[in-house]
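Just below is one structure, and these are the notes that go with it.
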Amino acid sequence: MKEYKLSITGMADYVIISPEVLRLLLQKIKDSPYPYTEIAAESIMPEGYAQYLANVLNSNRGKKKFRFCQIPEQELGKEQIYRILEYQMKNLRIEKKECFEHFFLIAEGSENKYTYSMESERHFFCICRNEESRFLYVYPDGRQECVSLKWKVTVNR
């Protein structure tokens with residue numbers, strides 16, 4: 001069994017990627033037959049998390065860590081939260097190596113239709129699909145938390 005450390009690098013802003021968001025994303029990658037995939041933005045956000053983030057971030061916008069240089073000074077809604085997540089995912093590293101060839105948000109003309117188009121780096125894709133891989137999420141302050149994926153149990157007959 002091999003353990004891999006995942007971290008978000010180069011962030012001066014508040015990191016919104018939680019271990020649960022990361023787990024949901026890794027699960028999507030693990031279940032995908034190809035490194036390239038498109039996923040609904042809502043599918044990697046726990047229920048109510050986008051609204052929770054909007055509330056927290058909007059109430060703290062006056063503080064330096066909550067300004068998000070890629071988002072103009074305005075009240076944050078669901079799309080802006082997804083854009084912050086996109087920006088931070090581009091800085092996701094596994095053992096200091098990039099995780100994605102590309103990762104970007106597609107807004108499909110409706111406030112409720114957002115998709116991420118992503119292509120995992122080959123090494124990252126293989127690690128995610130390997131049942132022997134274990135993941136540790138390293139927070140910006142150095143704390144670590146295990147991120148567990150679900151695997152199908154096979155029964156030998």
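None of these values were measured; they are calculated from a predicted model.
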Q) Rounded to the nearest 0.5 Å, what separation is found between the CG atom of L136 and the OG atom of S7? A) 11.0 Å
Q: Give a yes or no answer on whether the side chain of E101 reaches the backbone of R122 with a donor-acceptor pair at less than 3.5 Å.
A: no
Q.
Under 4.5 Å between side-chain heavy atoms, counting indirect links through other Ile/Leu/Val/Met/Phe/Trp/Tyr residues: same cluster for I106 and F103 or not?
A. no
Q: Measure the spacing between CG of L53 and CD of Q51 and express it to the nearest 0.5 Å.
A: 9.5 Å
Q. Any sub-3.5 Å donor-acceptor pair from R143's side-chain atoms to P140's backbone N or O?
A. no
Q) Which is it for F124 and K97 under the side chain to side chain contact (heavy atoms under 4.5 Å, CB included) test, yes or no, and what are the steps along the way? A) CA-CA 9 Å; F124 181 58; K97 294 180 185 174; over 6 Å; no
(Q) Keeping N58 on the side-chain end and L76 on the backbone end, is there a donor-acceptor pair under 3.5 Å? (A) yes
Q: Would you sort out whether I29 and M118 count as a side chain to side chain contact (heavy atoms under 4.5 Å, CB included), showing the intermediate values?
A: CA-CA 10 Å; I29 294 168; M118 63 182 183; 3.7 Å; yes
**Q.** Spatial distance of atom CD1 (I94) from atom NE2 (H123) [nearest 0.5 Å]
**A.** 6.5 Å
Q.
For K90, is the NZ atom crowded, meaning more than 12 foreign heavy atoms sit under 6.0 Å from it?
A. yes
Q: For I81 and Y49, run side chain to side chain contact (heavy atoms under 4.5 Å, CB included): C-alpha distance rounded to whole Å, both residues' side-chain angles, the deciding distance at 0.1 Å, then the answer.
A: CA-CA 10 Å; I81 298 299; Y49 189 57; over 6 Å; no
Q: Using the side chain to side chain contact (heavy atoms under 4.5 Å, CB included) rule, pick out the option among E42, R83, M45 that qualifies with Y114.
A: E42
**Q.** Residue pair L24, E20: steps toward the side chain to side chain contact (heavy atoms under 4.5 Å, CB included) verdict
**A.** CA-CA 6 Å; L24 291 168; E20 181 62 9; 3.9 Å; yes
Q.
Using modelled atom types and a 3.5 Å cut-off, is there a donor and acceptor pairing between side-chain atoms of Q80 and backbone atoms of G77?
A. yes
**Q.** Polar side-chain atom of E95 near backbone of K5 as donor-acceptor pair, under 3.5 Å
**A.** yes
**Q.** NZ (K96) with more than 12 external heavy atoms under 6.0 Å
**A.** no
**Q.** Heavy-atom closest pair, residues S120 and F125
**A.** CB-CB, 3.9 Å
Q: Identify whether I16 and V138 are in the same connected component of the hydrophobic contact network (ILVMFWY, side-chain heavy atoms under 4.5 Å).
A: no
Q) Looking only at heavy atoms, what is the nearest atom pair of C128 and F135, with distance? A) CA-CZ, 4.0 Å
Q. So which of L26, L22, L25 actually passes side chain to side chain contact (heavy atoms under 4.5 Å, CB included) with I44?
A. L25
Q: Starting at CG of L57, measure out to CD1 of I84 and round the result to the nearest 0.5 Å.
A: 5.5 Å
Q) Which distance, rounded to the nearest 0.5 Å, do you find between the NE2 of H102 and the CD of E86? A) 10.5 Å
Q.
For a 4.5 angstrom cut-off between non-hydrogen side-chain atoms, does K2 reach E132?
A. no
Q.
Tell me whether Y139 shares a hydrophobic cluster with V21, the cluster being built from Ile, Leu, Val, Met, Phe, Trp, Tyr side chains joined at under 4.5 Å.
A. yes
**Q.** Main-chain N/O of I17 paired to Y137 side chain as donor or acceptor, under 3.5 Å
**A.** yes
Q: Mind running side chain to side chain donor-acceptor pair (under 3.5 Å) on Y36 and S117 for me, showing each step along the way?
A: CA-CA 8 Å; Y36 172 80; S117 174; 3.3 Å; yes
Q. Nearest 0.5 Å, what's the CD-OG distance between Q27 and S32?
A. 12.0 Å
(Q) Membership question, hydrophobic clusters at under 4.5 Å side-chain separation (ILVMFWY): are F104 and M89 in the same one? (A) no
